[in-house]
Amino acid sequence: MPESVSSRPQVDFPAVQTRLNAEEEAVVMETIRNSPTWSQGEQQRAFEQEFTRYVGCADSLAVSSCTSALEMAAALCGLGPEDEVILPAHTFVSSAVPFARTGARLVFCDIDPATRLLSAEHVESCLTGRTKAIVVVHLYGLPADMDPILRLAREHGLKVVEDVAQAPGAVYKGRRTGSMGDFAAFSFHNQKNISTLGEGGMLTVSDPDEGERARKLRWMGNWPFAGDRERYWVPAMGNLVSGMKGVWPFNFCLSEVQCAVGRRLLRRLDAINARRRDQADLIRNALADVPELSFQRVPDGHLHAYHLLVAHFDSSPTRGTRDDLIQLLHRDCGIKCIVQYWPLYRSELFRSFGYGNIRLPNTDTFFDNMISFPFWSDMPEETLRYMADSVRSAVQRLRTG
Ligand SMILES: Cc1ncc(COP(=O)(O)O)c(C=O)c1O
């Protein structure tokens, strides 16, 4: 390999976005050694209580992934084949599949071209007499404009599910994401702002009764019998209950070690997000005079958690395309930008379920021109400056051909 290629920096998304510090690592061994149980014990209870306080919701349930939380939310919405669920198509597949699995019809709504999120205006255009729920995805870490969506939901008696996988700790007008809908789902996968050792999630609810229903669904309907029983083994050790009529329960538990790590990370989530905002601001400011690139608009009162840093590339003033820009950055600068969130209706999976004929102009335009820059917690300033300088000169080269 020529020296210039082998010695240049490589800037790629790491698999793990936020590394554990020594104290967080130590809690793993401490929990293994000292915890009386490795499942459903004190760490789970404490993680849930602390999460509830942090988010400002009624109750929280630690679960195995955000997808698990969304499966439970979809079940608790009581959806069936007669119902419709409105959601964006520009999102990770998990925002949609749990709702589709209930038999409900997915109604994909378009996104706002500036925030790249679903808006009340687009939701309203999709409402029908069959609409039963709205899935709001705070994509890339930016909270959606919730007030008008919540108003619509109230007027039409709809459930609201927030997909907070990418926006833990983000704030909308003084409220945390995950505290506004009927249900919300968080992800602690290792590519997220905080991770419980690779996998994990949280379901939050705004009604404590839903919390109890969800708990009965979380571990296959296993539930203690009421009160002490002298003949404790009769008829069996545990009761089997129904959390929700017509819904079979799941096993979506998160281990004690994972909950212990989650508790520690929750304490520094605000600091992690603040640092990610500084990183994003550095890049955004450095590229503010490159008009071909437009980053997500952050409306007043929205605090971004910057899970990802994405921009729309307007190639018309240049002689290249978005793909040319990505290729230049990869080939000449070692920066591996990517393109994300294929509109679900364009994928083989959703086409196979009959969703292939949909086209949404803002969604398609953004996807076809979007670029996602490598981004993780604690990126060195040097790397950020290198990336900004490289992007600027790559766009400049495309302008002159
Ligand atoms: C928007 C969104 N929703 C849901 C998920 C699913 O998260 P998990 O991997 O924890 O199931 C992801 C993961 O990438 C996501 O980005």
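In what follows, every heavy atom counts, from backbone to side chain, and hydrogens, waters and symmetry copies are set aside. Atoms within each ligand, like the ligands themselves, are counted from 1 in listed order.
- Looking at Q166 against ligand 1, only its side chain comes within 4.0 Å, counting heavy atoms.
- A donor-acceptor contact closer than 3.5 angstrom is absent between the side chains of Y306 and D281.
- Between atom CG of residue L106 and atom CG of residue D83 there is a gap of 12.0 Å, rounded to the nearest 0.5 Å.
- Ring-plane geometry between H90 and Y140 is classed as tilted, the angle between the planes lying from 30 to 60 degrees on a 0 to 90 degree scale.
- The nearest protein atom to atom 11 (O) of ligand 1, hydrogens excluded, is given as T67 OG1, 2.5 Å; this is a heavy-atom distance.
- With respect to atom 13 (C) of ligand 1, the closest heavy atom belonging to the protein is K192 NZ, 2.8 Å.
- Nearest protein heavy-atom contact of atom 3 (N) of ligand 1 is D163 OD2, 2.7 Å.
- Contacts between C66 and ligand 1 below 4.0 angstrom, taking non-hydrogen atoms only, involve backbone and side chain alike.
- Nearest protein heavy-atom contact of atom 5 (C) of ligand 1 is F92 CD2, 3.5 Å.
- Under the 3.5 Å distance criterion, with hydrogens and angles disregarded, a donor-acceptor pair is assigned to the side chains of R399 and Q396.
- Under a 4.0 Å criterion applied to the non-hydrogen atoms of S65, ligand 1 contributes the atoms 10 (O), 11 (O).
- The salt bridge (Lys or Arg N to Asp or Glu O under 4.0 Å) contacts involving residues 238-262 comprise nothing, where partners must be two or more places apart or lie in separate chains.
- Tested against V161, the residues D182, V136, L70 include a single side-chain contact (heavy atoms from CB on, under 4.5 Å) partner, L70.
- At the shortest separation from atom 10 (O) of ligand 1 among protein heavy atoms lies S187 OG, 2.7 Å.
- Those atoms of ligand 1 that come under 4.0 Å of a heavy atom in T91, given as number and element, are 1 (C).
- Atoms of ligand 1 found under 4.0 Å from any heavy atom of S94, numbered from 1 in the order shown, are 4 (C), 5 (C), 6 (C).
- Between the side chains of D324 and T321, at least one donor N or O lies within less than 3.5 Å of an accepting N or O.
- Distances shorter than 4.0 angstrom do not occur between any heavy atom of Q191 and any atom of ligand 1.
- Note on ring orientation: taking the six-membered ring where Trp is involved, the planes of F51 and F47 are perpendicular (angle over 60°, cut-offs 30° and 60°).
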